[in-house]
Protein chains: 2
Amino acid sequence: MKLSAKVEYGVRAMAVLAIYYQAGPLPLREIAEQEKISLKFLEQIFPDLKKAKLVESARGSRGGYMLSRSPAEIKVGDIVRAVEGPITPVDCLSEIETKACCDRKDACLTRQVWEKLRDRINDVLDEVALIELVDIKPVYKSS
Amino acid sequence: MKLSAKVEYGVRAMAVLAIYYQAGPLPLREIAEQEKISLKFLEQIFPDLKKAKLVESARGSRGGYMLSRSPAEIKVGDIVRAVEGPITPVDCLSEIETKACCDRKDACLTRQVWEKLRDRINDVLDEVALIELVDIKPVYKSS
DNA sequence: TGATATCCGAGTTGTTTAGTCGGGATTGAA
DNA sequence: TTCAATCCCGACTAAACAACTCGGATATCA
């Protein structure tokens, strides 16, 4: 029942981006230094965040990443699912819903617990927005 | 965010034991056949359940395992924690509470989310008792 | 043109998982 | 007393996964 380092770093990186919200693109090198995370590892995480439309990127010099929505609108759950894929406590739940995963004729007795667990995990992760992780006021562009 | 196969099998095995509650010791071979789980793998799981005092064992011929409490008193959370250890979504939470896990001076901003997550996972797993997984009535000893 | 970025895919190293295997100790029954 | 069933114990292993690392291609701005 563990989250990966990718998720942990992803959330921390997004928290940094939240602080610099609306201050233009922030390069990963900056985040890597601040959070003591390998730059190359961050480079591996951010394509997932971009695919999920949580961040936008600017290439080339003076490029970087920025949040595509306000930190109040991005939930921790969004980040977790973007980086790790959908929450599935047991493999059984990742299959097509209608299909019986267990080949026993009766419905899997334990399945209901794992479904409930999955839903509750998603709930609690969706309760917390990025802005709540950064108690200090965001830094806006000076101009 | 996955549970191990050990946990999944552990819960299923305990559900079988719940059905045969108070019907004397049930050998693992029986559970293995019913649930299509490797006997040797089950033998690896049950010492954990015993250590957590969820089951009692009877050795030798006609031996086996039985629940040490009623299926209403055993929660899924008990089984999960017995087999997998305490729930820790990130390693940070497994350290001694008082010690600052991150070496940054300010408290880890994301920690609060993971604590909340951990607590909620424990909550939901402790809401479901073993008896709720076996909708059919338990089989009591005939005598 | 050159420095700085994102982007892309492959390689590496260590850990964990999901078992298997072989045998020892204990007990109930024939 | 012997036998078979059972729990018990520790080591082993193959495959998957995690957490990076590495080398470079591509885009952009000054």
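Each chain gets a letter, A, B and so on, in the order the sequences are listed, and its residues count up from 1. No hydrogens, no waters, no symmetry mates; every other heavy atom, side chains included, goes into these values.
When atom types are taken as modelled, the side chain of A:Glu84 and the backbone of A:Leu3 share no donor-acceptor pair closer than 3.5 angstrom. With hydrogens and angles disregarded, no donor-acceptor distance shorter than 3.5 Å links the side chain of A:Asp119 to the backbone of A:Lys116. Put simply, the side chain of A:Gln34 never gets that close to the backbone of A:Ile31: no donor and acceptor are under 3.5 Å apart. Judged by distance alone, with hydrogens and angles left aside, the side-chain atoms of A:Glu33 form no donor-acceptor pair with the main-chain N or O of A:Glu30 at under 3.5 Å. Judged by distance alone, the side chain of B:Ser57 and the main-chain N or O of B:Tyr65 form no donor-acceptor pair under 3.5 Å.
Following rounding to the nearest Å, A:Lys36 (NZ) and D:dC20 (C1') show an atom-to-atom distance of 18 Å. Between B:Glu30 atom CD and D:dA5 atom C1' there is a gap of 13 Å when expressed in whole angstrom units. As a whole-Å value, the separation of B:Glu56 CD from C:dT26 C1' is 17 Å. Summarising the geometry, the separation between CG on A:Asp48 and P on D:dA18 is reported as 13 Å, rounded to the nearest angstrom. Taking atom CG of residue A:Leu28 and atom C1' of nucleotide C:dT4, one finds them 12 Å apart after rounding to whole Å. Note: CG (A:Leu49) to C1' (C:dC7) measures 14 Å, nearest angstrom. B:Leu42 has its CG atom 16 Å from the C1' atom of D:dC9, to the nearest Å. Rounded to whole Å, atom P of D:dC20 lies 16 Å from atom CZ of A:Phe46.
By the neighbour-count criterion of 12 heavy atoms within 6.0 Å, atom CZ of B:Arg62 is sparsely surrounded, having that number or fewer from other residues, nucleotides or ligands.
At the phosphate of D:dT6, OP1 or OP2 sits under 4.0 Å from a side-chain N or O atom of B:Arg29. At D:dA27, none of the side-chain N or O atoms of A:Ser61 fall inside 4.0 Å of OP1 or OP2 (strictly under the cut-off).
Across the interface with DNA chain C, nearest-nucleotide mapping of B:Gly60 and A:Gly60 shows A:Gly60 to be the residue nearer the 5′ end.
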Criterion side-chain hydrogen bond (donor to acceptor under 3.5 Å, both in side chains) on A:Glu8 and B:Thr110, from CA distance to verdict:
CA-CA 8 Å; A:Glu8 211 187 318; B:Thr110 58; 5.9 Å; no
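Using a 4.0 Å heavy-atom criterion, one finds that B:Tyr65 contacts the sugar-phosphate atoms exclusively.
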Give the B/S/- string for nucleotides 14-21 of chain C, one per nucleotide from 5' to 3', where a protein heavy atom under 4.0 Å of the base yields B, of only the sugar-phosphate yields S, and otherwise -.
----SBBB
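A donor N or O paired with an acceptor N or O is not found under 3.5 Å between the base of C:dT4 and the side-chain atoms of A:Arg59.
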